Amino acid sequence: MLNIALPKGRLGEKVYGMFARAGFECPAVLENSRKLIFENEAAQVRYFWVKPSDVAIYVERGAADVGVAGKDILLEYRPDVYELLDLNIGKCRMAVAAPEGFEDRPDRTLRVATKFSRIARDFYTARGRDIDIIHLNGSIEIAPILGLSDVIVDIVETGTTLRENHLEVIETIVPISARLIANKSGFKFKTEAIERLTGALEKGGERE
Ligand code: PRP
């Protein structure tokens, strides 16, 4: 049985569609219920819905053999997992944004509000810039508006959230997309199934 952690939400439904086309079907997954675990014995799969930011934890600890996580989560938490494939969906970017017209003062410590402290720290350390990280859990965009920070490091997809809050991208840090990840020892024991899945997803991706 292959245990698969899906990120709850629209992205997860898309991911399930790709897995089903790859031969790992379990139609009950899309049932509109509060159930979180679904099994299809015939196809030898068990799916479960988890919070997107938790997928890597399930996979790292072996509760799931494979799962799909955003590159943002992989960069931020560096889970000890195999990254097998870029699924080319859930595309967005990690960026630095600031109020329109913002002018940086390189002689001052930059105050950075973010949910992605490690990504922000790595980015500024690489350029030798002193920063003060203000770790927040959401609604990052209001931090510079209220004077809590100078800039933010956050995910930008359409740019609507930034625009509506009069912020703009100053710099892109890294492009983000959804990745297929696998537990390291699970990969050893279930190599055949995981490689079949990876290969089929790769081919499906080319067709799209
Ligand atoms: C993300 C991110 C931005 C928004 C960007 O938040 O933190 O707020 O999406 O998308 P846009 O460029 O299309 O406007 P998300 O909705 O994932 O939830 P969060 O507020 O919990 O971070």
Side-chain angles (χ1 to χ4, degrees), residues 4-19 29-30 32 34 36 47-60 64 67-79 81 83 85-102 104 110-126 129 131-181 208:
I4 305 172
L6 287 174
K8 230 190 235 179
R10 229 163 24 99
L11 179 72
E13 287 173 19
K14 207 167 175 180
V15 169
Y16 169 71
M18 293 170 80
F19 281 40
V29 166
L30 298 178
N32 222 350
R34 305 286 290 176
L36 297 172
Y47 283 97
F48 30 93
W49 289 112
V50 307
K51 206 173 160 185
S53 51
D54 288 342
V55 168
I57 300 174
Y58 282 81
V59 174
E60 182 178 36
V68 171
K71 185 68 181 175
D72 51 330
I73 299 295
L74 303 181
L75 289 171
E76 182 63 23
Y77 298 102
R78 308 255 175 92
V81 297
E83 189 182 318
L85 191 66
D86 183 349
L87 295 177
N88 282 311
I89 56 172
K91 285 190 182 178
C92 50
R93 56 186 165 144
M94 187 64 66
V96 182
E100 289 160 6
F102 168 78
D104 194 5
L110 188 70
R111 296 169 307 153
V112 182
T114 188
K115 255 198 306 202
F116 301 94
S117 297
R118 185 186 226 161
I119 293 176
R121 187 166 309 285
D122 287 352
F123 177 70
Y124 283 106
T125 301
R129 180 75 200 265
I131 60 165
D132 179 13
I133 299 240
I134 299 150
H135 189 91
L136 298 175
N137 296 300
S139 300
I140 317 294
E141 291 83 359
I142 62 172
I145 298 172
L146 300 180
L148 179 63
S149 74
D150 301 307
V151 300
I152 64 172
V153 165
D154 201 9
I155 284 170
V156 180
E157 192 181 351
T158 61
T160 308
T161 313
L162 291 184
R163 233 176 357 262
E164 294 195 352
N165 290 288
H166 305 288
L167 303 176
E168 58 190 10
V169 169
I170 304 180
E171 260 181 288
T172 293
I173 298 179
V174 65
I176 302 290
S177 58
R179 307 296 162 101
L180 176 69
I181 57 173
E208 266 169 27

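In each ligand, atom 1 is the first atom listed, and ligand 1 is the first ligand listed. A quick note: this is a predicted structure, and the numbers were derived from the prediction, not measured.
In this structure the side chain of Arg118 never reaches within 4.5 angstrom of the side chain of Leu75, judged on heavy atoms.
The minimum heavy-atom distance linking Arg111 with Leu148 is given by the pair NH1-O, 3.6 Å. Closest heavy-atom contact between Ser177 and Lys91: CB-CG, 4.1 Å.
Protein neighbours of ligand 1 below 4.0 Å, counting non-hydrogen atoms: Lys115, Glu141, Asp154, Ile155, Val156, Glu157, Thr158, Gly159, Thr160, Thr161.
For the side chain to side chain contact (heavy atoms under 4.5 Å, CB included) with Leu74, the qualifying choice from Ile181, Ile176, Val55 is Ile181, the only one to do so.
Looking at residues two or more places apart in sequence or on another chain, you find no salt bridge (charged side-chain N to carboxylate O under 4.0 Å, His left out) involving Asp54.
Between Tyr58 and Phe48, the ring-plane angle classifies as tilted under the 30° and 60° cut-offs.
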